[in-house]
Amino acid sequence: MSEKLSFVSPTANSPWGTYLSQVDRVVPYLGPLARWVETLKRPKRALIVDVPIEMDDGRIAHYEGYRVQHNMSRGPGKGGVRFHPDVTLEEVMALSAWMTIKTAAVNLPYGGAKGGIRVDPKKLSQNELEKITRRYTSEIGIIIGPHTDIPAPDVNTNGQIMAWMMDTYSMNTGGTATGVVTGKPLHLGGSLGRVKATGRGVFVTGREAARRLGLDLRGARIAVQGFGNVGSVAAELFAEAGAKIVAVQDHTGTIVNSNGLDLATLIPIANKDGVIAFKGGDVVPNEAFWDTACDILIPAALEGQITAERAQKTTAKLVLEGANGPTVPTADDILAERGVLVVPDVICNAGGVTVSYFEWVQDFSSFFWDEDEINVRLDRIMMNALNQIWDTADKHKITLRTATYAVACERILMARQERGLYP
Ligand code: GLU
C-alpha cells in the first residue's frame, strides 16, 4: 500500500507525467525488483527556496528556486541547474528523475538531482545574474556538496555561473571546494571537453544508431531544434561526418536550406542574434520545422516538443534526443509504430554528465587529463552503454527507451535492495 505523492499530481504530457509513464512501462522487465519500483516514482527530497535580490534599480525582487534530489541509491545526487521562466517544481522533479536514470544507464556512480530558478535570465543584468546565482547557491547550500549533490550547467547556465556557485559554496564552508559543481571554467578545476561533451555524445550515439540502421551519414539530411550548446555542437560533428543540416530552429525562429546550411557562418550569428539573423537559408513558420524532409531529427531544446501530431508527420528515420524529455509518451508509441528509431535522452545526451564525472574525478585527484583522453573515454563509455541497451532491446523486443530504463532501473533498484530500508 502506498500513499500518493501529495505535493504534485502529474498533468497529462507534463514532464513528470511523461516520466511516470516511462517507469510504468519498464515494470514487466524488472522481475522481483519490481517490488521497489515505487521508490522511483517519488523524489527522495525536494527543496523550494525563496531567492530575493536587490535589482539594479533598487527594487527587491523575489524568485522561486528548487533543488530536487530524486534518488541517491547509487551515489551522490548529480544534475544541472536551469534558469528559465517556465521552471516549476514538477518540471525539476522530472528532470531530476531523468538524471537518476541517465547516470545509471551509463553506469556513473551517481544518483539523480536537478535544480532551477523560475526567471528569464535574458532580462537580468550581469550583476543581477551574479546575485541571483549566489543567493540561490547559498539557499540550496544546506543540501549540496562534493559528496552529497553536485550541480552543473543546464538550459541558460554556463561556466561563469558554475564559478559563482563554486565560490559561494566555498566562501560559506571556508575552503575551496572545486568538486561541488562541474562544468566550471578550466582555471577553476574545469575539464577539457566538458563544453562540447553533450553534443559529442549525441553524435557518438547517433553515429552508432545510423550504422546499425544502415543509414549513411554522408549526405544524410538533419533537422535540429535548439541551437545552443547541445544542438550546434552535434550539428557541427554530423556535418564533419558528411551530413547536411537542412533545418534549424531556435527561440528566434526556423531556417531551412535543402542544400545544407553553412554552419561556419551560421553558428557565430546564431550565438549572437539567433538563427533567423542568418541569411543563408529561408525563414519558415515554426510548425513547418516538423515536416521538413529529413533523415535524422535532433530535438535539443526543451521537453514535450515531439507531440503525437508531430510524430505522425516527421519524415525522419532516426530521432536523437539531445534535450531531456522531448518526446511525449503518445508520440513515442506513434514513432515506434512508424518504425522510427528513437535514441532516448537518458543515453543520447548522457555525454555531458559523463564528462562532468571526469571533471569531478580530476578535481579530487588534482590531476588533469588531456582532451584526447577525455574524448576516448567518453566514446568508450557511451558505446558500451549503447551496445548493452541495444542487446536488451533485441532480447525483449522493446524500444531503446524501455531497454535503457530496464538496464538503469535494475542497477538503481539492486542498489536500493542491497542497501536495505533504514531503519
Ligand atoms: N544538465 C546536463 C544534463 O541534463 C548535465 C548534468 C551534469 O553534468 O551533471 O544531463
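Atoms within each ligand, like the ligands themselves, are counted from 1 in listed order.
Close N/O approach between I150 and ligand 1 is not found [any backbone or side-chain N/O within under 3.5 Å]. Considering backbone and side-chain atoms alike, D154 places an N or O below 3.5 Å from some N or O of ligand 1.
For the pair D24 and K41, the salt-bridge criterion is met [side-chain N within less than 4.0 Å of a carboxylate O]. For the pair R82 and E91, the salt-bridge criterion is met [side-chain N within less than 4.0 Å of a carboxylate O].
For the ligand labelled ligand 1, residue R82 lies outside the 4.0 Å heavy-atom shell.
No close placement of the F227 and H251 rings is indicated, their centers lying 6.0 Å or farther apart.
Nearest protein neighbour of atom 8 (O) of ligand 1, counting heavy atoms only, is S356 OG, 2.6 Å. Distance from atom 3 (C) of ligand 1 to its nearest protein heavy atom, with residue and atom name: K102 NZ, 3.3 Å. Counting only heavy atoms of the protein, atom 9 (O) of ligand 1 lies nearest to K78 NZ, 2.8 Å. From the protein, the heavy atom lying nearest to atom 7 (C) of ligand 1 is A152 CB, 3.3 Å.
In this structure, a donor-acceptor pair under 3.5 Å is present between the side chains of R416 and T39. Side chain to side chain, T254 and N286 meet the donor-acceptor criterion of an N or O pair below 3.5 Å. For R118 and T88, the side-chain atoms include no donor-acceptor pair closer than 3.5 Å. Counted by atom type alone, W98 and Q22 present one or more donor-acceptor pairs between their side chains at under 3.5 Å.
Ligand 1 places these atoms under 4.0 Å from at least one heavy atom of M99: 3 (C), 4 (O), 6 (C), 10 (O). For ligand 1, the atoms sitting less than 4.0 Å from at least one non-hydrogen atom of K114 are 1 (N), 3 (C), 4 (O), numbered in the order shown with element in parentheses. For ligand 1, the atoms closer than 4.0 angstrom to any heavy atom of G79 are 9 (O).
Under 4.0 angstrom from ligand 1, the non-hydrogen atoms of R194 all belong to its side chain. Using a 4.0 Å cut-off between heavy atoms, P153 contacts ligand 1 through its backbone alone, with no side-chain atom that close.
F83 and Y136 have perpendicular rings, their planes meeting at more than 60° on a 0 to 90° scale where under 30° would count as parallel.
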